[in-house]
Structures are given as structure tokens and as C-alpha cells.
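In listed order, ligands and their atoms are each counted from 1.
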Amino acid sequence: MPQPDIIVTAPLPPFLYDPLKADYRCHDYYAAPDKDHLLATGGRQVRGLVQGGGTVTEPTLLDQLPQLEIISVFGVGYDGVPVDYCKKRGVKVTNTPDVLTDDVADVAVALIMMTGRGFARLERFARAGDWEKRSVELTTKLGGKRVGILGLGRIGKAIASRVSALGMEVAYTGRKPQDVSYRFLPDLKSLASDVDFLVVACPGGPATRNLVNAEVLAALGKKGILINIARGSIVDEPALVNALQNGTIKGAGLDVFANEPHIPAPLLTMDHVVLLPHVGSATHETRKAMGDLCKANLDSWFAGKGVLTLIPELA
Ligand code: 8YV
């Protein structure tokens, strides 16, 4: 049987790309110097597409892949995939849920600790030799503080159980209340005004764009810290910069940004902000598991056995 043609639209790690190259005819759209030429010469044969969680795939690109059957996302988020378009065309979309849940939840807890307990700032303090010059600032006890989770999905629930173990209280908002022991608040503004840490853990995409806006940040207030491990698009970034500059909120811990890898310049110099370069799933173990699942979805599809992790909108 001839190897199916697939197009690759994001940089992939060797532990995913090498096995893909062994089993598929890969067209490296991401690295191609002349993308139009690649599409003109190979586009018609392409049956599969592999992209990253943050990759934006334009329908105009998919229009040039008339035989496309499946998009396999190397990531849990598929906000860059035009889902309605794929639905209409009958293109399957798969992602890599579950295998990264624990790692992403760990990063949320790390950001809560780094901001709340001031660990990032204190580490800079120790490293700068400031301990020899003055006493250490006191920070905030985490036990008993309230954590509000926007989006109690798999990752949101893993964050909830971790912060519960720290003695923190959990509340959440989302589309509907769930059968869980945590308190449900029907809207984001009420949740923000009720908590010490507001953790963004919902999917990105048009439905959640700029959901955390100036009003929500004002509700979070002077004692509130914003944590985002989901997508930069969910937070109105200029409004967040303003809120941090004006002391509207106490601080922020951010793993994701609206226009990655760009981080807005004012954030870089703020002492009450902790910045990470989108490392939610960035461990050897988890990225390997994501890569295996990303390829397994293609393998299963092209073996005529369906896909393993179809996104809910297409199920
Ligand atoms: C990865 C992610 O950075 O899973 C996601 O949606 O954002 C991250 O785990 C990304 O998918 C790697 O391509």
C-alpha cells in the first residue's frame, strides 16, 4: 500500500516527526521556503494534516487540500482549527486530551505558589544577594484562600483537586453546574469577585475570546491574582496590562499569551507578574505521550479503524 501523504504545518519534535516520516509521505509546509509551490505540487495528494495546539489553520489552506480526511492536532487545544468548516467538509479532527492533564494542572499550582507565596520574586531576591542586606518580605498563606476556576473540564478538575489538597477552597463557573462538591457560580464576574485566585482553564476559540475583560479584572480586585494556563486569547491582554499597571488586581501568573511567543513588553518588567513560556505540557514524558497519540490517531484512521480521540463537536 502506498504511504498516505500528510502535510505538517507546525514544528514537530523528532520523537513525533521521525516516526511520521517512516510511515507517511510528509510535506513540511511549516519549513517550506515556497509554500505555494508545495501546495501546487503536493496539495492534491494530501490526506492528513498534523499541527500544533496553537497553530492556526486557515480554511484557505484547507481549500487547497481537496483530499484531506483528517487533522491530527499535537495538543489538547484545537482553537486554531476551523471546526465548522471541517464539519461541513467531513474532515475528522483529533487532539491529545488526558495525557497532558496532570502536567498542565501542575503548572497552574506552580503559578499559584510563585505568585501567592512570592516564590519567583523571593528567588530573585536570594540570587541577587539581597538577603544579606534586608529582611525577607512576608507573603500570603494559601490554605483557606479561594480559587475560582473558569472551565471545570479535565484540566480544571485536576487543578481543583490539587489546590484542595493545599487546603484552598474551590469554586467554578462554566456552561453548566456539574456533579462535583465545588461551589458553582453562574457567571464569571461573580466568580471573580468571590475569589483570591482566578484560574483560566477553559478552551480557547471564538466562544471564549476576551472573556476575562476589564470588568472581570475589576471584579477580581486588589487582592486577586489571575492565573492563565489555557489560552492567551481568553484574556483581554491590554486590559490585563492596565489592571496590573493600575493596581486593579494584585498580580498575575501567566503561561500563555495572546500572540506567542511575544510577551507584551510592560509585563516583562513587572515584579508582581510571573511569566512562563507556555510550558503546560512541556515535559519529556508528556510530549512523548502526546506525540504517540497524535500519530496513533492518524494510524488508526488510515488503517480504516476510525480515530481514537475525535473532538466533541464532531462526535
Ligand atoms: C502545547 C497546548 O504547547 O495542548 C495544547 O493545547 O497548548 C500545549 O500542550 C502544544 O500543543 C504543542 O504543540
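For ligand 1, the 4.0 Å heavy-atom shell contains residues G52, G53, F74, G75, V76, G77, L100, R231, H278, S281, R287, M290.
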Please report, to 0.1 Å, the donor-acceptor pairs under 3.5 Å made by any side chain of residues 148-159, with sequence neighbours excluded.
from : atom 1 : to   : atom 2 : distance (Å)
R154 : NH1    : D98  : OD1    : 3.4
K157 : NZ     : L152 : O      : 3.4
K157 : NZ     : Q178 : OE1    : 2.7

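Residues passing the side chain to side chain donor-acceptor pair (under 3.5 Å) test with T286 are D103, T283, sequence neighbours excluded.
In this structure, the side chains of L298 and I70 come closer than 4.5 Å at one or more pairs of heavy atoms.
For residues 172-228, the ring pair (Phe, Tyr, Trp, His ring centres under 6.0 Å) pairs, not counting sequence neighbours, are Y172-F184.
S281 and R287 form a side-chain donor-acceptor contact under 3.5 Å, judged by distance and modelled atom types alone.
Between D194 and R183 there is a salt bridge, since a side-chain N of the basic residue sits under 4.0 Å from a carboxylate O of the acidic one.
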